[in-house]
Amino acid sequence: METATHYLEIANDPMMWVMAIPVVSLVAIQAWLFTVRSYKSAPLVNLSHQQCRQAFKVGAVSAIGPAVAVFIVMVSMMAVVGAPMTWQRLAIIGAAPTELTATTMGAKAMGIEVGSPEYDVTAFASSVWTMALNGCGWLVFCGLFTHKMDKVMHKVTGGSMRLMAEVCGAAVLGTSGYLATAQSMISSPHLSAVIAAALSMALLGRFSPKWLKEYELGIAMIIGMVAAIITLKAQ
Amino acid sequence: MNAQKGSFDAEFTQPIIRTGMWTLLLAVPFSFFPALYLWWQYGAIPTVKTILTAWFMIVSIYGVEYFMTPISYFPILGISGTYMAFLSGNIANMRVPCAIVAQQVVGVEPATKEGEIVATLGMAGSIITNLIVVTIAAIGGSYLLSMFPPIILEALNYVLPSIFGGLFAIFAVRHPKYAVFAIAIASILLGVIKVLPVWLVVVLCSFSTIGFALFSSRGKFSDEDNGETA
């Protein structure tokens, strides 16, 4: 038991926070640089500053719901790998389940289970290495090949803007159709959430007044969640 | 600084590629700082063999996703979106919905230049929100969580189905035919076939719907083209 407390003490060592700062800052810096670049390029495609502000704001507001949902998962992850690592890992690619799988694999490679008394600082270090190595898979691939994917995309659509838009719409429908179907199959409250949110989004998209537009997705999500709770309680 | 009308490629796309590349590749060494600190300060380092074994194990689970996920999302995210989403994560539940809602609210089409700028800004906004929430959660943690009323905690279990339903609806209204196709394919793969790994199901759903879209919109313009195979 003593060793178990020990590893979490080290995992929450103030210097571990400092070690997590570079990654978290990099995410903020990238978002800032991309924002600045977007503002500068906006006049080229006749977007006003006001439209840019609106786009940023819509993104920020619509993310509140999902971000708070991540919050809850975070707390359980913090109990396993400590707050600084959770902070670093969840600021970048790799959601909590992915990171916890990596944590487990890091321990398993030493023949140890996470949460057992044998899970000591070295085993924790092994988990930390595994999380980092795993995250790098996406970072390296996208860092090196993103601009190449664009060329392939142009080839497929022959550079036709109209076709690109169709492809984009189809890709969103393909993936969100999969995600929504998978969620619907979990339970009937999940199914109600999918249907209620989809219907309210469709209706809001058509009928909502201008001032409400920015909150559409947030409202649809709340309606979905309420529908799920009602279904749950009615069972 | 810009003012003169340069090309969109030189003004936006090329700088984004440069910034995107260095930020993602710099995140690689940065990711290892905690691991190196544990080694340096506490001498806590697993053997090379352990690290390689763990690496092998985790790659066997996620390795395919390293390239299949970016490829599947590329038609939605574009260049700048891919750099942002694959640095900051939370792709399906945050980046994609926020980009798309931003486009819808501002009133620009996806896969256009203005659409790309608006999506970039929407995602940037969502990243800032995420960083703020994640930071508050890391510091306040379980104490803050205990202040949430139980009903809210319960409701938050249904954020994902709600956001995916909403996202689906935005495009279903525009392309009802593709929407029906997408749901049909997903239902068959998840409800009837069932055995495929998740990454393959995602790829099949995305690309078969794209294939269907290419096929049906090409039919509109010319009969000469062959449909492509998925």
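By convention in this document, chain letters (A, B, ...) are assigned in the order of the sequence lines, proteins followed by strands, and residues within each chain are numbered from 1. Heavy atoms only: backbone and side chains are in, while hydrogens, waters and symmetry mates are out. Remember, predicted model here, so these are calculated numbers, not experimental data.
Residue B:Leu38 holds its CG atom at 7.5 Å from CD1 of A:Ile10, rounded to the nearest 0.5 Å. Between B:Trp22 atom CH2 and A:Gln30 atom CD the span is 8.5 Å, to the nearest 0.5 Å.
For the pair B:Ser7 and A:Leu44, the tightest heavy-atom approach, listed with the atom from each and the gap, is O-CD1, 4.1 Å. The shortest non-hydrogen separation linking B:Ala44 to A:Ala125 is O-CB, 3.4 Å.
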Result block: side-chain N/O donor-acceptor pairs under 3.5 angstrom for residues 156-174 of chain B, not counting sequence neighbours:
{"unit_1": "B:Asn157", "atom_1": "ND2", "unit_2": "B:Glu154", "atom_2": "O", "d": "3.4"}
{"unit_1": "B:Ser162", "atom_1": "OG", "unit_2": "A:Met225", "atom_2": "N", "d": "3.4"}
{"unit_1": "B:Ser162", "atom_1": "OG", "unit_2": "B:Tyr158", "atom_2": "O", "d": "2.7"}

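Considering only heavy atoms from C-beta on, A:Thr104 stays 4.5 Å or farther from B:Met57 through its side chain. Annotation: side chain of B:Gln104 is in contact with side chain of A:Met201 (closest heavy-atom distance under 4.5 Å). Taking the side chain as every heavy atom from C-beta outward, A:Tyr178 and B:Leu204 never approach each other to under 4.5 Å. Residues A:Ser41 and B:Ile117 have side chains in contact (heavy-atom distance under 4.5 Å, counting atoms from C-beta outward). Between A:Thr146 and B:Ile17, every side-chain heavy-atom pair lies at or beyond the 4.5 Å cut-off. The shortest side-chain heavy-atom distance between B:Ile71 and A:Met149 falls under the 4.5 Å cut-off.
Using bins of under 30°, 30° to 60° and over 60° for the plane-to-plane angle, the ring pair B:Phe32/A:Trp129 lands in the tilted bin. Aromatic ring orientation, A:Phe34 versus B:Tyr83: perpendicular (interplanar angle above 60°, classes split at 30° and 60°).
Listed options B:Ile127, B:Ile185, B:Leu189, B:Val101 were ranked by heavy-atom pairs under 4.5 angstrom with chain A; first place goes to B:Val101.
Using a 4.5 Å cut-off between heavy atoms, B:Ala85 touches chain A through its backbone atoms (N, CA, C, O) alone. With a threshold of 4.5 angstrom between heavy atoms, B:Glu116 does not approach chain A through any atom at all.
Remark: side-chain polar atoms of A:Gln51 are not paired, donor with acceptor, to backbone N or O of B:Gly107 under 3.5 angstrom.
For the ring pair (Phe, Tyr, Trp, His ring centres under 6.0 Å) test, residues two or more places apart in sequence or in another chain that qualify with A:Phe145 are A:Phe141.
Under the 6.0 Å cut-off for aromatic ring centres, B:Tyr42 and A:Phe124 do not qualify, their centroids lying 6.0 Å or more apart.
Exactly one of A:Val23, A:Leu133, A:Val128 qualifies for a side-chain contact (heavy atoms from CB on, under 4.5 Å) with B:Ser31. That residue is A:Val23.
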